[in-house]
Amino acid sequence: MKRIVYREWRIPPSRYWSLLALLAAVIGIAGLSTLYVEHHGHWVTGMNNSVVWGMPHVFAVFLIIAASGALNIASIGTVFGRTVYKPLGRLSGLLAAGLLVGGLLILVLDLGRPDRLIVAMTTYNFSSIFAWNIFLYTGFLAVVIAYLWSMADRKGWPYNYSIGSFAMVWRLALTTGTGSIFGFLVGRDAYDTAILALLFVAMSLAYGLAIYLLVLMFSFNEDQRPLGEVMLKRLKNLLALFIMVMLYVVLVYHLTKLYGAKYNDIEHFILLGGGVYTLMFWFGWIIIGSIAPLVLLYHPDYSQDRNWIATACGLTIAGGFAAMYVVIIGSQAFPINMFPGKTIVAFGAMTEGNLIASYLPSLPELLLGIGGVAVALFITAVGVRVLQFLPESLADNVIDPHYKAS
Amino acid sequence: MAVTTPHFKFTGIAVCILAFFSQILFSQPTLAADRIGEYVVPSSRAAQVKQCVEPADHMRRYHMELIQHQRDATVRHGIRSTKYSLSNCISCHTGHTAAGAPIAINATGQFCNACHAAAAVTLNCFDCHATIPSGEGWNHEVAQQLLLLPPVSEGAE
Amino acid sequence: MTYASHSHSSPDAIDTPDSIDAVDTDRRQFLHYAAAGVATVALGGGAVLTTLTATAEPRTTPVTSTHRWGMLIDTTKCAAGCDACVTACERENGLNLQQSPTDDAADWADQQSAWIRKVTLRDNLTGQVTQLPLMCQHCAEPPCVDVCPTGASFKRADGIVMVDRHTCIGCRYCMMACPYQARSFVHQPVAQKLTQVPRGKGCVESCNLCVSRRDDDRQTSTACADACAASGQGAIVFGDLNDPNSPLHQALAQVNSRQIRQELNLNTGVRYAGL
């Protein structure tokens, strides 16, 4: 393998600054809508006392697990010794940090009292998985920074493997922890299972890689850097593999839930009778978000075409949002099964027929979520411009010593 | 103390009003320069008693700690009888209109606001805490029993 | 205007709960009048206000686990169409002062705070209909307390599960964790509230077994139990689960009762009979 040279992203200033300005504008709008929600209270969102976590959490959880998935590329290079992936490591670390910050920001800004963030940082309840996650998240940032240093600085090279391995363990812990935020909720039928943590790990691999691949293709394309077929083929095959792993875990999840009568109602709701949630599950998560990308990625012609590969990534990401919507919101919309064998006719202000909690995302919460995505991209865009994150070339002859032009 | 005579009351109120206006006219940014007790609102019950729950200069410096300590004692341990309760401050320090209706204690120029505005302190306590004595909080009864709250003066102007 | 009259016939600005006499025990009424009387005397004649100090002693020492407060709800006595407990709870805690910020009644129905809900059930097999009030079940092992990142959700020594709204950051994880959907998030700024029950935007709240009554020895019940008794149902018995002589303990000894979601083993403080 030739020596890999890293260079700052050198697209024309006008283009670069318009990109940043666009992202900054999206972030600004998100900031304003946050202020709007904080001023009026959460009634201006679609969230209520039944669906207590809404669109912001869909975005936040998606970004957080994608962060850990994005770091996976670096791990493959360092820990599993696949040298071909090594040049991808730096961007992988940067993107991971950006996605995590974006996700966390959404979570924090959606708090009922964000002004009390200092309380959250100073008082901990160690029996709360949420409190542990605060450590996992901040620790993740620190680990990623150390990891980047070990990749970039000659003095860090000797530690690269150990830091890389540590980062990989940390990353798995982080996704497991995020999954457990839901998995430990014994009170809710859709959540009460440890497979949820596993499902989150599988989703993180697929969504993190899809985002990574899109960012890589975009940044190389803009800067006219060569991205060879060999590299692209590997990454797209890896994405297909991760999507299949995820599909498998989804299958196992629903099979365990279907086994035994206890969870029949919620399963029926998600898989058959849940209206928008059923649609999101089958159409969004499974068909658009998993099957379609698989078809594209394995299709003899489409899989050769970069535009189709990018499309497959985009679909996977869209499917990811649908998945989060089903897992987070669908599971809350369904009434808690408090009285087995009985039908709830009235529940306070709710009566039979509308016991399924209604939730309609409002614009401000949607903008907040999109703002988080913009923050992640903003951090990445700044990073690649000022520091040497992107390899000069990923052409076939650069990454593969045995490559022969045919 | 029992009940002040109307005459006494009048002088007391007049002094307080004077103090209040002089504060507006000659207001100093530094708290230290203010006269102790000058933030007390003339139409509040506090204007008619000689003392706060602790000596006034102590209150000036440490009231936040007293309240915060009381807060945890009440919320976490159910201790409700001590004199530093926030509702107690409010019962005694709330000002009243000429008609005797209470004025929110955090309203501009009122007790908790005037001084904090001068000291650039912002509180969020009143997002949740009632700013006038409202409802049948027995804390008022307690306040009354423990501290011998005087009645609100009529037509304090 | 005397202090006492100010406290009991309040300023016109606020609709206070004082007007419902049904929930007030006679004893409380007496105290009200006594307090008013004494204050009036003080105003007129300069008497010293020491009369009540001996009887009215709210708590001065930290709560202990000597008591564990709880309730028994006999669903067979809970009448269809009656919502006395809900109304009483709202008045006690100032929830009736909530004002809808939105025109959408359906949205508001699920966004306003509800500390107690009237639930109607129909048995899938027999069609039998059951009524019951559902509120925080005051678990001995509360999931909401386990998950709270800041420790704002806590269990008091006497078993009351509640939120310290000075450290609550409004993350709503406790609401996700609660198996009874018993908690509410305050979705809007609160303009009117009672001194006794501070509440405000951005925090989570729920039934606290009328906690300020618990810290006052003169009080022996909750607003909902009082109201239920006053309306003739008597379906709610409030009391001390730890005290073998308490009416609650005796009532529990006599009927078959169970916990809602017994399988979760949360050891709830609220038990149901006839369910």
Side-chain angles (χ1 to χ4, degrees), chain A residues 38-53 107 110-117 119-120 122-125 127-134 181-182 184-188 191 332 335-352 354 357-358 360, chain C residues 86 100-102 106-114 116-125 128-131 134 143 145-154 166-173 175-181 183-189 201-204 260-261 263-264 275:
Chain A
E38 289 314 327
H39 179 74
H40 289 280
H42 274 67
W43 71 267
V44 298
T45 71
M47 290 177 261
N48 50 45
N49 288 329
S50 306
V51 178
V52 302
W53 283 356
L107 274 191
D110 179 69
L111 291 178
R113 291 198 153 253
D115 52 314
R116 288 185 179 163
L117 188 60
V119 176
T122 50
T123 36
Y124 289 107
N125 165 22
S127 68
S128 168
I129 183 82
F130 220 58
W132 283 105
N133 273 303
I134 298 177
I181 287 183
F182 299 97
F184 287 174
L185 296 177
V186 291
R188 294 186 184 255
Y191 294 141
Q332 295 175 75
I336 297 179
N337 182 11
M338 271 179 250
F339 306 97
K342 294 190 196 298
T343 303
I344 300 175
V345 181
F347 192 77
M350 299 168 95
T351 45
E352 194 172 23
N354 80 32
S358 71
L360 197 67
Chain C
V86 179
S100 172
T102 159
D107 274 2
W108 180 238
D110 209 9
Q111 282 180 330
Q112 75 187 109
S113 279
I116 179 170
R117 287 193 175 91
K118 185 77 188 293
V119 176
T120 310
L121 306 171
R122 191 178 49 234
D123 193 284
N124 291 345
L125 194 66
Q128 185 204 27
V129 171
T130 316
Q131 311 278 335
L134 183 74
V145 172
D146 286 344
V147 302
C148 175
T150 65
S153 192
F154 72 107
H166 304 101
T167 44
C168 171
I169 54 175
C171 73
R172 283 110 72 210
Y173 195 19
M175 299 175 72
M176 290 292 280
C178 177
Y180 305 100
Q181 211 179 323
R183 291 199 155 183
S184 297
F185 179 67
V186 183
H187 285 80
Q188 77 290 353
K201 182 186 70 162
C203 285
V204 174
I260 298 180
R261 307 209 65 182
E263 81 280 7
L264 296 177
L275 187 65

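So that the names make sense, note that chain A is the first sequence line, chain B the second, and so on, each numbered from 1. Below, all heavy atoms of this structure are taken into account, side chains as well, without hydrogens, waters or symmetry copies.
- Annotation: maximal heavy-atom pairing with chain A below 4.5 Å, among C203(C), A109(C), C168(C), occurs at C168(C).
- With hydrogens and angles disregarded, no donor-acceptor distance shorter than 3.5 Å links the side chain of Y173(C) to the backbone of I129(A).
- One finds the CZ atom of F339(A) at 5.0 Å from the CG atom of L121(C) (value rounded to the nearest 0.5 Å).
- Proximity of I336(A) to R261(C): side-chain heavy atoms (C-beta onward) are separated by under 4.5 Å at one or more points.
- If you tally non-hydrogen atom pairs under 4.5 Å between each of P101(C), A114(C), A106(C) and chain A, the highest count goes to P101(C).
- Side-chain contact between M176(C) and F182(A) is present, with at least one heavy-atom pair separated by less than 4.5 Å.
- Annotation: the span from N49(A) atom CG to S113(C) atom OG amounts to 6.0 Å, rounded to 0.5 Å.
- Within the 4.5 angstrom heavy-atom criterion, only backbone atoms of Q112(C) (N, CA, C, O) approach chain A.
- No part of I116(C) comes within reach of chain A, as not one of its non-hydrogen atoms sits under 4.5 angstrom from that chain.
- Atoms NE2 and CZ, on H166(C) and R113(A) in that order, are 9.5 Å from each other to the nearest 0.5 Å.
- The most heavy-atom pairs under 4.5 Å with chain C, out of A131(A), P335(A), P114(A), A346(A), come from A346(A).
- Here the CG-CE distance, from N48(A) to M175(C), works out to 8.5 Å after rounding to the nearest 0.5 Å.
- For the side chain to side chain contact (heavy atoms under 4.5 Å, CB included) test with K342(A), the passing option among V129(C), L125(C), T120(C), D123(C) is D123(C); the others fail.
- When L185(A), N133(A), I344(A) are compared by the number of non-hydrogen pairs under 4.5 Å with chain C, L185(A) comes out ahead.
- No other option in P340(A), G341(A), G41(A) has as many heavy-atom pairs under 4.5 Å with chain C as G341(A).
- Between H42(A) and F185(C), the two ring planes are perpendicular [angle over 60°; tilted spans 30° to 60°].
- Contacts of K201(C) with chain A are made by both backbone and side-chain atoms, with heavy-atom separations under 4.5 Å.
- Contacts of M338(A) with chain C are made by both backbone and side-chain atoms, with heavy-atom separations under 4.5 Å.
- Atom CZ of R117(C) sits about 4.5 Å away from atom CZ of F347(A), to the nearest 0.5 Å.
- Only the side chain of I260(C) comes within contact range of chain A, judged by heavy atoms closer than 4.5 Å.
- W43(A) places no side-chain N or O within 3.5 Å of a backbone atom of V186(C) that could act as its donor or acceptor partner.
- Separation of atoms CZ (F154(C)) and CG (N125(A)) is listed at 12.5 Å; rounding is to 0.5 Å.
- The candidate with the highest count of non-hydrogen atom pairs below 4.5 Å against chain C, out of I134(A), I181(A), D115(A), is I181(A).
- You'll find the side chain of S50(A) reaches within 4.5 Å of the side chain of Q181(C), heavy atoms only.
- Considering only heavy-atom pairs separated by less than 4.5 Å from chain C, the leading option among D110(A), V51(A), T343(A) is T343(A).
- Of the atoms belonging to V86(C), not a single heavy atom falls under 4.5 Å from chain A.
- Within the 4.5 Å cutoff, no side-chain heavy atoms of T150(C) are placed close to those of R116(A).
- The choice from V119(C), I169(C), V147(C) that makes the most heavy-atom pairs within less than 4.5 Å of chain A is I169(C).
- Interface check for chain A: of the options V145(C), L264(C), D146(C), D107(C), the most heavy-atom pairs under 4.5 Å are formed by D146(C).
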